[in-house]
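First the structure, in the form of C-alpha cells, and then the observations on it.
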Amino acid sequence: MDVKEGHVFLEIRNMKVGYGAVEVLKGISLQVEKGKVVCLLGANGAGKSTALRALSGLVPLTSGEVLFDGQRIDGLQPHHIVRKGVIHVPEERRLFPEMGVQENLEMGAYLVKGHGKVKESLEEVLTIFPRLKQKLKQQAGTLSGGEQQMAAIGRALMSRPRLLVMDEPTLGLSPLLCETVMESIVQIKQRGTSLLLSEQNSELALDVSDEGYIMRLGEIVLHGTSQQLATDDGVRKAYLGM
Amino acid sequence: MFDIFIFWITLSLNYVLLATGLTLTVSVMRVVNLAHGNFYMAGAYAFLVFSERAGLPYGLALLLSVLLVGALGMLVEAKLYRRLGGRIEPSIICMSGMLLVLEGLAVLLFGPDIRGLPAMLKGTTTIGGTVVSMERLSVAALALVVIAGLFCFLKYSRLGRSIRATAQDREAASLMGVNVNLISSLSMGIGTAMAVIAGIQITAVYHLSPYVGISALCTSILIITMGGMGSIVGAFIAAFIIGLSDSFGASFIGRYHHLLSFGTVMIILLFKPTGLLGTTVEAKGKG
Amino acid sequence: MHIARINSAGKVLLAIVLLGLLAFALGFLPNRWQQICIMWAIWSTVGMSWLVILRVGEFSVGQAGFLCIGGYSAAVLMLKFNCPFWLALIVSAATCAFVALVVGVIILRLKGLYFLVISLVFAEIVRLTIAASDYLGASEGLFGIPIPNNLWFIKFSTKQGWLYLFIFILALAGFTFRRMEKSRIGRIYSYIGASPDLAQSFGIYYMKYRVQAFVISAFFTGLVGAAMGVYLGAVGPEGYTFYYSLIAQIVAILGGVGSIVLGPLLGSALYTVFDEYLVYVPGARSLIMGGLLLTVIFFLPEGLVSVRRKFLNKFPRGFPRKFI
C-alpha cells in the first residue's frame, strides 16, 4: 500500500475480448493512477461494460494484459481479483434481492475478517449514505432505484477497496439522484480510493473525474484530462453529444 | 387415526429433507439433479453396508454414508457437471447418465431384490394414552434436527450466507469475493447429504431396492414444483401437502393417491406456474 | 449428383421403393436379428418423436407415459372389446394425442426446467395410476393379447410380419417429421425453440405450436407403443418405467439431435445392439447406458452424426464430400 500518488495503479495493455467470432474489444489500453478518478465514456454498446467485466474476471480476455499494483491479474477468477482489492459495482446494481440491506452490506465484507472491522466499515458507509440507515432491515429487492445504487456502492465499499470499479452508476436515475451518486464518488476519492467508472452521462462524469477515456466501437479513441475533454468543443460535439 | 397423523408428520419431515436438498442444488446450479433420487438410494445402500456388513453402530454408519455419498455428489459437480458450463440440456443428460450408472451399480452390487433397513430405535412409547412406535418418533426427531440445523446454517453462518448469495445472483456473489465454483460443489454435497439422510429414514419405513430412486425423485420434484423452485420455505409447505396425500390419502383413497398429488400440483401450476412461493429460476439465472 | 436433379416427388418415390426393398430384405434375416431390427425401428420412432418436442425448445422426460397409454389402450381394446388390430392401433394413437392435448395445454405453459420435471412426473403418475387400477390388471398388467389377423401379406404370427409393420411405422414417422422440418412449420418450430418470446413478437402464437408438437409426438409414440404392446402380447406397469423415457433421450442423443431422422436411426442402432447383449445381465444395461450417455455428452456432444463430419475434416480439401 506504500504506492505514492501519481504511480500507475491499474494498467490495461492491449486488451482484446470477443464472443465467438465477434470482437467486442479491439485492443484497448488505459491507466489509472493511484488516488485518481478515471472515467470511461462512450455511447451504449461502445464496449465500456465489457472492458470493466473483463478487468474483474467476469469475461475472459482473448489477449492482452491487466496489471494491478504491478501484478498481473488477467486470467484470475473473479474472487481472486476481489482479494487483491479491485471491487466492481456491476451495471444495474445486482443486489441480492431476497436479502435485507444490512445483509447485502455484510455480504460486501465477505472477505473482511473480524467483527469489529465489519462494524467500522458499516458505520463509514452509513455516513456516506445516511439514507440507508432507515432501510437496513428492508429487502433489497423492494428498494427504489436510487437506494439500490447507494446500497450497491455501499456494499462495494464494505471491503475497503483499493480500486473501485463502477459500471454506469447513474443508469436509470433521476437527475437529483445522479448528483447524490456523484457526490458520493467525490467522498470516496477523498478517502484515498482510486476509481474507474464508466458513464454515458459524460457531463457528470467529467465533473468528478481527473482523467477520461472515450470509447467507440470497442476502441479507445481519445484520452485526456477531464478538463481538456470537457472544454474542447470538437470533442464535445464529435463524441460526447453535448 | 393418531397413528396416521404421526406417520404424516414423520413422512413429511423426511420429504422436507429430500426436497430441500434438491431445491438447494437447483437454486445454486440452476439445473434439476435428476440423479437426486439415486443418490438417496445409494446412501441407503451405503448405510446398509456400514451397519449390517461392517456392523457399525447406527449413528456412525449414518454419518459415514452421509459423508461418503455427499462427497460423491461434490465430486460429480466438480468433475462432470461444471464442465458443461451451466447449459440445461447437456447437464440434464449428464445427470440422466449419472442416474443410470448409480442404478446399474446398485443392481450389480446388491441385486435387484427388495430389502429392509434397520431402524434407529425399536419398541414403542405412549403419548397421551396412544401407543406410538419409537422408530417413527426417532425418525421425525432426526429429520427435525437436521432441518433446523440446515436452516440456521443458511441463515446465520458466513458460508450459508454465501450460498444464498450465490443462489440469488451468482455473478454478484463472485464480485463479493465468493468462490462460486466451490459453493456449487458444496451445495451439491449438502443437497446430496440431505437426500441420503432422508433415504436412510424413508427406506427404513418402506423398503429399499435399486429402483426406489425414481419415486423419491418424483416426490421431490412434485414438492419443489409445488413450492416453487429454489424456495426452501415453499418446499417445507409443499412437503407437508404431498405428505398428506401419501399418508392420509394412501389410507383413505388407496392406491390412487399419486393421482391426487399430481392433480394438486397441476391445479396449483395452472394458477401460478412458478409454484407457491417461487420466482422464476430462469430469470434469476440471466446476466 | 444425378439424384439431386430428380424432383422431390420422384425422390420420395425412390426412397419409398428403396426402403421397401430394404425392409423386405430385412425380413429374411435370422430371427435374432429380426428381433434387433424390430427394437431398432421402435426406438428410432420414439427417438424421433422425442426430438419433435425438443424442436420447440422443450426437453421431455415423459415419453414412457405415452408408450404406456398407447400400449394399454391397444391391450384393452383388443382384450375387452375384441377390436380389430388396425383399429386398435389408430384409436390408441388418437387416445395418446388426446391426452397430450389435455395435459399439454397445462404443462406447456411451463418452460425449461419446470416442463422437464413435470413431464417426468406425468409419466410416472400415469404408470402408478394404471398400476392402481384393477380393471387394468393392477400390478400384474394385462396379458394374453391375441395375435392379430393377417393384414394382406403380413403375417403377425411371424417376426417377419411385425418387422414390416414397425418399419412401416418408422417410415411413416420419418417422412412426416422430415416434411415438417422442411416446411413452414419446421421454421416456426425452430423460431419458438430459439426463443418463444421472440417468436411471439413476430406474431406467432407459440402456445399453439408447442401443443401441436407435443400432440404429434404423442401420436407417434402412442402408435408405436400400441404396436409394441400387442407385439409383446402383454403390458405391465413394470415395463413402462422412467428408463423408457430415457431410451428416447439416449437414442436421439447418441445419434445426434441435429438431425431429426438420421440421428435417432443411428443412435437406435447402437442402442439396440448394445441392449440385445446387455439385457440378460441385471444392472449392466443401466450402467453401460449411463456410461455411454456421459461419454457422448463429454466427448461427442453432437452425437454419432458428427463423427462423419469429424472424419471428413481429415480429408484434404477438394475431396468430394457429397459422396460420403
Side-chain angles (χ1 to χ4, degrees), chain A residues 49 52-53 55-60 76-100 102-115 118 121 139-141 148 151-161 163-167, chain B residues 23-24 26-28 78 82-83 85-87 151-186 227-235 274-287:
Chain A
S49 252
L52 299 189
R53 289 168 62 81
L55 155 68
S56 302
L58 295 174
V59 182
L76 293 183
Q77 285 190 301
H79 63 272
H80 288 301
I81 296 177
V82 171
R83 269 170 212 274
K84 306 242 178 225
V86 180
I87 311 292
H88 185 131
V89 184
E91 198 176 350
E92 293 172 333
R93 280 69 92 166
R94 305 286 286 273
L95 293 172
F96 302 111
E98 283 155 48
M99 291 185 182
Q102 179 160 4
E103 212 174 350
N104 261 285
L105 292 176
E106 284 168 4
M107 205 49 224
Y110 179 72
L111 293 176
V112 178
K113 295 273 185 303
H115 207 70
V118 176
S121 295
Q139 278 221 330
Q148 283 196 17
I153 300 174
R155 185 178 64 175
L157 289 176
M158 287 295 288
S159 61
R160 300 158 179 270
L163 173 72
L164 191 62
V165 178
M166 285 193 197
D167 200 353
Chain B
T23 215
L24 194 67
V26 171
S27 59
V28 174
R82 191 180 301 159
R83 289 174 52 192
R87 287 166 300 148
F151 189 79
C152 291
F153 167 74
L154 286 176
K155 184 88 187 155
Y156 300 111
S157 78
R158 178 169 172 272
L159 207 56
R161 186 190 279 157
S162 61
I163 290 179
R164 277 186 296 136
T166 310
Q168 287 174 30
D169 193 328
R170 194 181 177 88
E171 198 175 277
S174 75
L175 290 177
M176 302 297 111
V178 176
N179 183 348
V180 287
N181 284 337
L182 189 70
I183 293 293
S184 284
S185 298
L186 194 69
M229 277 191 204
S231 163
I232 288 182
V233 181
T274 51
L276 290 175
L277 295 176
T279 46
T280 60
V281 168
E282 275 86 348
K284 278 199 289 182
K286 277 196 185 124

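Quick note: numbers below take in every heavy atom, side chains included, and nothing from hydrogens, waters or symmetry partners. Every chain is numbered from 1, with letters handed out A, B, ... down the list of sequences.
When each of A:His88, A:Arg93, A:Met99 is checked for heavy-atom pairs under 4.5 Å with chain B, A:Met99 comes out on top.
Judged by the 6.0 Å and 45° rule, A:Arg155 forms a cation-pi pair with A:Phe96.
Residues A:Arg160 and A:Ser121 have side chains that bring a donor and an acceptor to within less than 3.5 angstrom of each other. Side chains of B:Arg164 and B:Ser27: a donor-acceptor N/O pair is absent below 3.5 angstrom, by distance only.
Distance check, rounded to the nearest 0.5 Å: CD of A:Glu91 to CG of A:Asp167 gives 4.5 Å.
Using a 4.5 Å cut-off between heavy atoms, A:Leu58 touches chain B through its side chain atoms alone. Both the backbone and the side chain of A:Glu106 come within contact range of chain B, each with at least one heavy atom under 4.5 Å from a heavy atom of that chain.
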